[in-house]
Amino acid sequence: MSQSQRYRIGYALHPKKIQNLIRNSLLTYTNQRGIDLVKIDLSKPLIQQGHFHCIIHKLHPLDWNSLRLNEYLAKHPHTVIVDRPDLVQQLHNRVSMLEPMTHTRISLENDTVGVPKQILVDNEAIDEEVDIALKFPVIAKPLFADGTTSSHELCLVLDREGLRTLSDNNNNNSISNTSPMVLQEFVNHGGVVFKVYVAGEHVKCVKRNSLPDIKEEEARTLKGVAKFSQISNLTVHHDKKRSNEISGEIIEKAEMPPEGLIKELGRGLREAMGLNMFNVDVIRDAEDCNRYLVIDINYFPGYAKLPCYEPFITDFLLDSVCNKAS
Ligand SMILES: Nc1ncnc2c1ncn2[C@@H]1O[C@H](COP(=O)(O)OP(=O)(O)OP(=O)(O)O)[C@@H](O)[C@H]1O
Ligand SMILES: O=P(O)(O)O[C@H]1[C@H](O)[C@@H](O)[C@H](OP(=O)(O)O)[C@@H](OP(=O)(O)O)[C@H]1O
Ligand SMILES: [Mg+2]
Ligand SMILES: [Mg+2]
């Protein structure tokens, strides 16, 4: 970068995301590295908002209507759009989000990364489908991961009776009414989820709180269904003190996955999905420490939760304007 070169990078984000990501610490850091971060007005065509070297975004498909991206790109063909909006769609569905994993073999030495068994169900014929394909316990997840609160409302289903209550609309434990859902086999993993944050070539893995293991005898005796939501966001002060100390200790003690495997996972998924900004939730099978499983992939996650997220994001943005991303 020449001394005087500055990059104008637009962010098309909703207010909550702006509040979480665009902090003063990030603005100061990017500014010192020659980047001017500019808020994109979602109600006006991009063409009226000047030239951007690069645009980052997390939007609903309808938000793109007023921005008129194609018209903008016809005039500014060299602007880097991170990422292609049509490719982001694959992460809004819990079946298509895991498809790239089934086409990509990711392994390093003895370690492998796969996905848990899962099936897509509608409200009818749930029983038979589960019988054939899965073993209890399972996790019921809304098919559409579209950023709504209800898309994060999950249920741990312990037995067939629990499954029935899910489709019963009069029951408090029923999952959001008529929406289709995915049933995914629950895998014991020691109560820790690894969140792998990817921003282009930059990859960082952190440990977070997860569901506790279910012992074999518990799996035989526990019944019904339990609702939960965004458990990995529960930080130490949200829990009751005692259980908190225990989960904090478990997380601290958990061994990180090998760095090479994490890098390979980030690289492989970037290539398979054609995306640059996402995170991957990975668990390690408690019965086979070489077996890792991807359970969720999120577009444009909460990068500000990473320690030192400012250089992480800034380095990625500089790569993007220098055309190193994608
Ligand atoms: N197959 C599984 N086996 C064991 N635990 C699981 C499984 N799937 C999900 N979980 C637990 O449930 C949590 C939430 O699941 P998931 O990540 O799919 O939901 P989400 O609402 O999309 O999460 P996010 O807030 O990351 O978008 C995981 O972090 C993990 O603790
Ligand atoms: O609001 P939607 O579109 O559902 O996306 C969420 C993701 O699903 C979560 O994974 C993000 O949290 P993490 O960065 O802790 O994974 C979460 O980050 P946030 O809590 O900083 O907003 C969101 O990106
Ligand atoms: Mg998740
Ligand atoms: Mg998710």
Side-chain angles (χ1 to χ4, degrees), residues 11-23 25-26 42 56-63 82-83 85 88-101 113 115-116 118 139-156 175-176 179 181-182 184 186-187 189 191-199 202-211 227-236 238 251 262 265-266 269 273 275-284 292-310 312-313 316:
Y11 56 88
L13 302 170
H14 286 283
K16 189 177 152 252
K17 202 73 190 170
I18 294 177
Q19 197 189 344
N20 287 343
L21 185 82
I22 313 293
R23 300 185 180 164
S25 59
L26 180 66
L42 302 185
I56 55 171
H57 57 84
K58 181 170 187 171
L59 295 177
H60 301 297
L62 286 178
D63 294 319
V82 180
D83 288 296
V88 173
Q89 296 301 317
Q90 63 192 301
L91 295 187
H92 292 163
N93 175 308
R94 293 187 194 269
V95 171
S96 57
M97 78 163 61
L98 295 187
E99 260 157 22
M101 279 304 302
V113 190
V115 292
Q118 72 170 21
I139 300 199
K141 309 184 180 187
L143 173 64
F144 301 113
D146 52 8
T148 53
T149 307
S150 62
S151 72
H152 293 292
E153 283 168 0
L154 275 48
C155 286
L156 176 65
I175 210 164
S176 40
S179 64
M181 60 186 170
V182 158
Q184 192 177 83
F186 177 87
V187 179
H189 56 280
V192 178
V193 60
F194 302 104
K195 287 223 165 220
V196 181
Y197 286 80
V198 177
H202 306 270
V203 180
K204 209 173 224 179
C205 179
V206 292
K207 297 182 268 186
R208 294 268 192 81
N209 199 30
S210 187
L211 291 180
K227 259 190 181 179
F228 67 98
S229 179
Q230 296 210 293
I231 194 149
S232 67
N233 271 345
L234 293 182
T235 49
V236 179
H238 284 118
I251 293 173
I262 291 304
L265 177 63
L269 278 177
M273 300 193 298
L275 296 174
N276 286 289
M277 297 186 85
F278 57 91
N279 76 358
V280 193
D281 291 353
V282 181
I283 56 175
R284 179 167 50 216
Y292 291 87
L293 299 150
V294 169
I295 52 170
D296 184 27
I297 308 177
N298 304 293
Y299 190 65
F300 207 138
Y303 289 105
K305 292 174 199 163
L306 284 176
C308 305
Y309 88 103
E310 298 87 348
F312 187 81
I313 291 291
F316 165 64

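Keep in mind the model is a prediction, meaning the values are calculated, not measured. Atoms within a ligand are numbered from 1 in the order they appear, just like the ligands themselves.
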S.K.: Is it true that some N/O/S atom of Asp296, main chain or side chain, lies under 2.8 Å from the Mg ion (ligand 4)?
M.R.: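 Of the N, O and S atoms in Asp296, at least one lies under 2.8 Å from the Mg ion (ligand 4), which means yes.
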S.K.: State the atoms of ligand 2, each with its element, that fall below the 4.0 Å cut-off from a heavy-atom position in Lys195.
M.R.: 10 (O), 13 (P), 15 (O), 16 (O)
S.K.: Quick check on the Mg ion (ligand 4): does Ser151 put an N/O/S atom closer than 2.8 Å to it?
M.R.: no
S.K.: Which atoms of ligand 2 sit under 4.0 Å from any heavy atom of Asn233?
M.R.: 15 (O)
S.K.: To the nearest 0.5 angstrom, please state how far the CG atom of Leu293 sits from the CE atom of Met101.
M.R.: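 Those atoms lie 8.5 Å apart.
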S.K.: Under a 3.5 Å distance rule, please check whether Asn298 uses its side chain to pair with a backbone N or O of Pro301 as donor and acceptor.
M.R.: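 Flag not set: sc Asn298 to bb Pro301 has no pair under 3.5 Å.
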S.K.: Just which atoms of ligand 2 are under 4.0 Å from any heavy atom in Pro301?
M.R.: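 Listed by number with element: 14 (O), 24 (O).
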S.K.: Do me a favour and list the nearest non-hydrogen protein atom to atom 4 (O) of ligand 2 with residue, atom name and distance?
M.R.: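 Answer for atom 4 (O) of ligand 2: His152 NE2, 2.6 Å.
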S.K.: Could you tell me whether a side-chain N or O of His152 sits under 3.5 Å from a main-chain N or O of Gly147, the two making a donor and an acceptor?
M.R.: no
S.K.: Without swapping roles, check the side chain of Tyr197 against the backbone of Met277 for a donor-acceptor pair under 3.5 Å.
M.R.: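 Such a contact is absent between Tyr197 side chain and Met277 backbone.
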S.K.: For the side chain of Gln90 and the backbone of Met273, is there at least one donor-acceptor N/O pair under 3.5 Å apart?
M.R.: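 Yes.
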S.K.: Nearest protein heavy atom to atom 6 (C) of ligand 2, by residue and atom, and its distance?
M.R.: Lys58 NZ, 4.1 Å
S.K.: Under 4.0 Å from a heavy atom of Asn20: give me the atoms of ligand 2 that qualify, with their elements.
M.R.: 21 (O), 22 (O)
S.K.: Relative to the Mg ion (ligand 3), which of the N, O or S atoms in Asp281 is the closest?
M.R.: OD2
S.K.: At less than 4.0 angstrom from any non-hydrogen atom of Arg208, what atoms of ligand 2 do you find?
M.R.: 15 (O)
S.K.: Would you say Asn233 and Lys305 make side-chain contact, with heavy atoms under 4.5 Å?
M.R.: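 Yes - at least one pair of side-chain heavy atoms lies under 4.5 Å apart.
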S.K.: Identify the closest protein heavy atom to atom 10 (O) of ligand 2: which residue and atom is it, and at what distance?
M.R.: Asn298 ND2, 3.0 Å
S.K.: Checking the side chain of Lys141 only, and the main-chain atoms of Asp296 only, is there a donor and an acceptor separated by less than 3.5 Å?
M.R.: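 No; zero donor-acceptor contacts below 3.5 Å.
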S.K.: Using a strict 4.0 Å cut-off to heavy atoms of Lys16, name the atoms of ligand 2 that fall inside it.
M.R.: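 Those qualifying, in numeric order: 22 (O).
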S.K.: Hey, is ligand 2 close enough to Lys305 that some N/O pair sits below 3.5 Å?
M.R.: yes
S.K.: When only distance counts, is Ser151 in polar contact with ligand 2, meaning an N/O pair under 3.5 Å?
M.R.: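 No; every N/O pair is 3.5 Å or more apart.
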S.K.: Relative to ligand 2, is Asp281 under 4.0 angstrom through side chain, backbone, both or neither, heavy atoms considered?
M.R.: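 For Asp281, no heavy atom sits under 4.0 Å from ligand 2.
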S.K.: Does the side chain of His14 come within less than 4.5 Å of Asp63's, by heavy atoms?
M.R.: yes
S.K.: Quick check against the 3.5 Å criterion: does Asp146 have a side-chain atom that pairs as donor or acceptor with the backbone of His92?
M.R.: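 No; judged by distance alone, with no hydrogens or angles, the pair does not exist.
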S.K.: Does an N or O from Asp146, backbone or side chain, lie closer than 3.5 Å to an N or O of ligand 2?
M.R.: no
S.K.: Just to check, does Phe300 reach to within less than 4.0 Å of ligand 2 when the distance is taken from its heavy atoms?
M.R.: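 True for this residue.
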S.K.: Among protein heavy atoms, which lies nearest atom 14 (O) of ligand 2, and at what distance?
M.R.: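 Minimum-distance protein heavy atom for atom 14 (O) of ligand 2 reads Tyr197 OH, 2.7 Å.
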S.K.: Checking Lys195 side chain against Leu306 main chain: does a donor-acceptor pair fall under 3.5 Å?
M.R.: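 Side chain of Lys195 to backbone of Leu306: no pair is present.
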S.K.: Do ligand 2 and Gly302 have nitrogen or oxygen atoms that lie under 3.5 Å from each other?
M.R.: yes
S.K.: Would you give the length of the straight line joining atom NZ of Lys204 to atom CD1 of Ile262, rounded to the nearest 0.5 angstrom?
M.R.: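 Here the rounded value is 14.0 Å.
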S.K.: Can you tell me how far the CD atom of Gln89 sits from the CG atom of Leu91, to the nearest 0.5 Å?
M.R.: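 Spacing of CD (Gln89) from CG (Leu91) equals 9.5 Å.
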